[in-house]
Amino acid sequence: MEDIVQIKYALDTFYFLICGALVMWMAAGFAMLEAGLVRAKNTTEILTKNVALYATACTMYLLIGYHIMYSSPEGGIFPSFGVLIGAENTVEDVLAGGDDAPYYSVASDFFFQVVFVATAMSIVSGAVAERMKLFAFLVFAVIMTGFIYPIQGFWKWGGGFLNEAGFLDFAGSGVVHMTGATAALAGVLLLGARKGKYGSNGQINAIPGANLPLATLGMFVLWLGWFGFNGGSQLVVSNISDANAVAQIFVNTNAAAAGGLIAGLVVARILFGKADLTMALNGALAGLVAITAEPLTPSGLQATLIGAVGGVIVVFSVLALDKLKIDDPVGAISVHGVVGIWGLLAVCLTNSDATLTAQLMGIVVIFLWVFISSLIVWSIIKLVMGLRVSEEEEYEGVDISECGMEAYPEFTSKK
């Protein structure tokens with residue numbers, strides 16, 4: 001019996017770690033997607049943001065963020081504050097615990113959670129691309145990953161008051177995706193649009209990305225990583241029931257992405273008369289975001305439809321934000337924010353434990369907390385060091401002004 005318990009513990013810990021590694025690989029997906037959707041002259045800088053935000057998120061979450069999320073009173077509003085990870089489980093803890101025994105390593109739980117906070121921060125980088133100062137962004141990343149994200153994460157996943165109120169968010173349509181998009185929205189509103197994006201007469205000027213093959217690769221990397229994102233959130237795989245649940249989550253995650261891509265492509269064809277690749281890519285990501293709040297209870301067909309609605313929503317959201325002159329170069333606010341809200345509401349369609357009141361409460365609370373706190377932090381950064389590069393630096397490209405090197409020197413350098 002002891003051997004079985006130890007094998008189950010080892011298997012669940014290993015599964016948790018592998019899923020965390022898949023989610024970590026999503027950092028590469030975001031980097032490639034964003035690098036493909038910005039102009040060549042801004043590629044090095046957006047890559048630097050992505051690698052630096054990942055390291056920043058890992059460090060801040062290790063120092064304080066993880067403790068805020070998971071060492072606070074159940075049902076509480078105000079989290080505790082402290083440092084470092086708790087003590088690791090011992091063999092005696094596991095064997096003596098019975099039904100309440102810990103079933104995976106504390107360190108594996110930390111690793112799985114830290115790659116989630118990095119994902120939330122990656123969402124911000126694309127929305128503020130091509131005109132934000134690199135170190136202004138990284139200062140915000142410190143506060144976002146160390147405090148803003150963990151506090152609202154505690155309210156749901158740490159057992160805080162949203163969890164007690166019945167708010168359901170299985171893998172993070174709200175806790176991760178809407179949170180990242182809301183922080184991005186606050187920054188974009190203070191930052192303003194890229195030069196030339198909107199004309200004085202209300203026209204909207206397309207600014208194409210430099211490398212659509214790279215953006216497509218990024219989308220597929222994210223699609224792959226999402227299996228760890230949603231599948232790992234089941235937490236356990238070492239018994240028949242949980243193994244079946246993980247398999248269904250994988251099926252539904254894949255189905256939702258496919259439904260979102262098809263819907264985004266078809267809607268773009270109807271609206272524009274062309275097959276818009278960027279809308280197809282964002283449609284797939286929208287489908288993934290939509291199913292993340294509840295990837296277990298739908299059937300495969302239901303997951304496809306939930307993802308398809310997300311794919312439709314994202315196209316109209318991108319167009320609507322442009323009409324409002326909210327410039328988001330990669331569509332992150334639409335994909336992760338607007339569709340994140342849809343995903344949270346869609347939980348009510350397939351999970352009998354969900355209530356519309358609790359879901360709306362979670363949406364409003366998370367949005368208000370993240371938007372107001374982010375707006376304050378962005379405003380302080382703007383006052384102290386400025387958010388935006390100069391007009392000349394934006395024209396020449398932030399690769400040179402912020403990083404001193406170009407991603408494609410043989411194509412962009414003047415001889």
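Aromatic ring orientation, Phe110 versus Tyr66: perpendicular (interplanar angle above 60°, classes split at 30° and 60°). Between Phe116 and Trp157, the ring planes lie perpendicular to each other; the angle is over 60°, past the 30° to 60° tilted range.
For Asn42 (side chain) and Val398 (main-chain N/O), a donor-acceptor pair under 3.5 Å exists by modelled atom type. No donor-acceptor pair under 3.5 Å is formed between the side chain of Tyr54 and the backbone N or O of Val115. No donor-acceptor pair under 3.5 Å is formed between the side chain of Asn50 and the backbone N or O of Ala28. Looking only at distances, a side-chain donor or acceptor of Arg388 sits under 3.5 Å from a matching main-chain atom of Leu191. Panel note: side chain Thr179, backbone Gly174; a donor-acceptor pair is recorded below 3.5 Å. Here the side chain of Glu294 pairs a donor or acceptor atom with the backbone of Thr297 at under 3.5 angstrom. No donor-acceptor distance shorter than 3.5 angstrom exists from the side chain of Ser374 to the backbone of Phe371, with no hydrogens or angles considered. Between the side chain of Glu406 and the main chain of Thr44, no donor-acceptor pair closer than 3.5 Å is present. No donor-acceptor distance shorter than 3.5 angstrom exists from the side chain of Ser108 to the backbone of Tyr104, with no hydrogens or angles considered.
Expressed to the nearest 0.5 Å, how far CD1 of Ile68 lies from CD1 of Ile64 amounts to 4.5 Å. Atom-to-atom distance recorded for Ile366:CD1 and Thr182:OG1 is 8.5 Å, nearest 0.5 angstrom. Distance check: Leu288 CG to Ser173 OG gives 10.0 Å after rounding to the nearest 0.5 Å. Once rounded to the nearest 0.5 Å, the distance linking CE of Met405 with CG of Asp399 reads 9.5 Å. Distance check: Met144 CE to Tyr149 OH gives 8.5 Å after rounding to the nearest 0.5 Å. To the nearest 0.5 Å, the span separating CE on Met385 from CG on Leu387 amounts to 8.5 Å.
Minimum heavy-atom separation, Thr43 to Ala407: CB-CB, 3.5 Å. The minimum heavy-atom distance linking Asp327 with Arg131 is given by the pair O-NH2, 2.8 Å. Shown here for Glu45 and Met132, the closest heavy-atom pair between the two residues is OE2-O, 3.5 Å. What you find for Val114 and Cys58 is that their closest heavy atoms are CG2-CA, 3.5 Å. Of all the heavy atoms in Ala129 and Ile46, the pair that sits closest is CB-CD1, 3.7 Å. When all heavy atoms of Met361 and Ala165 are compared, the closest pair comes out as SD-CB, 3.9 Å.
For the pair Tyr408/Asn211, a side-chain contact is recorded, criterion being any heavy-atom separation below 4.5 Å from C-beta on. Ile363 places a side-chain heavy atom less than 4.5 Å from the side chain of Leu345. When side chains are defined from C-beta on, Leu37 counts as touching Thr278, because their heavy atoms get closer than 4.5 Å. In this structure, the side chains of Leu265 and Asp276 stay at 4.5 Å or more apart for every pair of heavy atoms. Within the 4.5 Å cutoff, no side-chain heavy atoms of Ile204 are placed close to those of Lys325. By the 4.5 Å heavy-atom criterion applied to side chains, Phe367 and Leu185 are counted as neighbours. Side-chain atoms of Met60 and Met121, non-hydrogen and from C-beta on, never get closer than 4.5 Å to each other. The side-chain heavy atoms of Lys8 and Val236, taken from C-beta on, include no pair separated by under 4.5 Å.
Sorted by first and then second residue, the pairs that involve residues 119-129 and meet side-chain hydrogen bond (donor to acceptor under 3.5 Å, both in side chains), not counting sequence neighbours, are Glu34-Ser125.
Residues forming a side chain to side chain donor-acceptor pair (under 3.5 Å) with Thr59 (at least two apart in sequence, or on another chain): none.
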query: Thr48 and Leu134: side-chain contact (heavy atoms from CB on, under 4.5 Å), yes or no, with the steps?
result: CA-CA 8 Å; Thr48 305; Leu134 173 61; 3.9 Å; yes
Test log, rule side-chain contact (heavy atoms from CB on, under 4.5 Å), inputs Gln234 and Phe170: CA-CA 8 Å; Gln234 182 66 20; Phe170 187 91; 3.4 Å; yes
query: Going through the checks in order, is the side-chain contact (heavy atoms from CB on, under 4.5 Å) test met by Asn230 and Phe250?
result: CA-CA 8 Å; Asn230 288 353; Phe250 270 55; over 6 Å; no
field: Test side-chain contact (heavy atoms from CB on, under 4.5 Å) applied to Met178 and Ile341, step by step
entry: CA-CA 7 Å; Met178 191 181 75; Ile341 293 171; 3.5 Å; yes
From CA spacing to verdict: side-chain hydrogen bond (donor to acceptor under 3.5 Å, both in side chains), Lys156, Asn163: CA-CA 5 Å; Lys156 168 53 189 171; Asn163 187 65; 3.0 Å; yes
Derivation and outcome, salt bridge (Lys or Arg N to Asp or Glu O under 4.0 Å), residues Glu402 and Lys133: CA-CA 7 Å; Glu402 294 291 290; Lys133 292 180 178 180; over 6 Å; no
Please set out all donor-acceptor pairs under 3.5 angstrom arising from side-chain atoms of residues 306-323, sequence neighbours excluded.
from: Ser317; atom 1: OG; to: Ser334; atom 2: OG; distance (Å): 2.7
from: Asp322; atom 1: OD1; to: Tyr198; atom 2: OH; distance (Å): 2.8

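A distance below 6.0 Å separates the ring centres of Phe229 and His177.
Remark: Phe272 CZ is packed, more than 12 non-hydrogen atoms of other residues, nucleotides or ligands lying under 6.0 Å away. Counted within 6.0 Å of CD1 on Ile240, heavy atoms from surrounding residues, nucleotides or ligands total 12 or fewer; the atom is thus considered open. No more than 12 heavy atoms of other residues, nucleotides or ligands sit less than 6.0 Å from atom CZ of Phe220.
With Gln359 as the partner, the side-chain contact (heavy atoms from CB on, under 4.5 Å) test is satisfied by one option alone out of Val347, Asp169, Asn351, Val364: Val347. No option in Val23, Leu22, Leu285 other than Leu285 meets the side-chain contact (heavy atoms from CB on, under 4.5 Å) test with Trp226. Screening Phe154, Trp155, Trp369 for a ring-ring contact (aromatic ring centres under 6.0 Å, His included) with Phe161, the sole residue that qualifies is Trp155.
Using modelled atom types and a 3.5 Å distance limit, the side chains of Asn239 and Ser241 yield no donor-acceptor pair. For the residue pair Trp223 / Asn254, a side-chain donor-acceptor distance below 3.5 Å is found, with atom types taken as modelled. In this structure, a donor-acceptor pair under 3.5 Å is absent between the side chains of Gln248 and Asn244.
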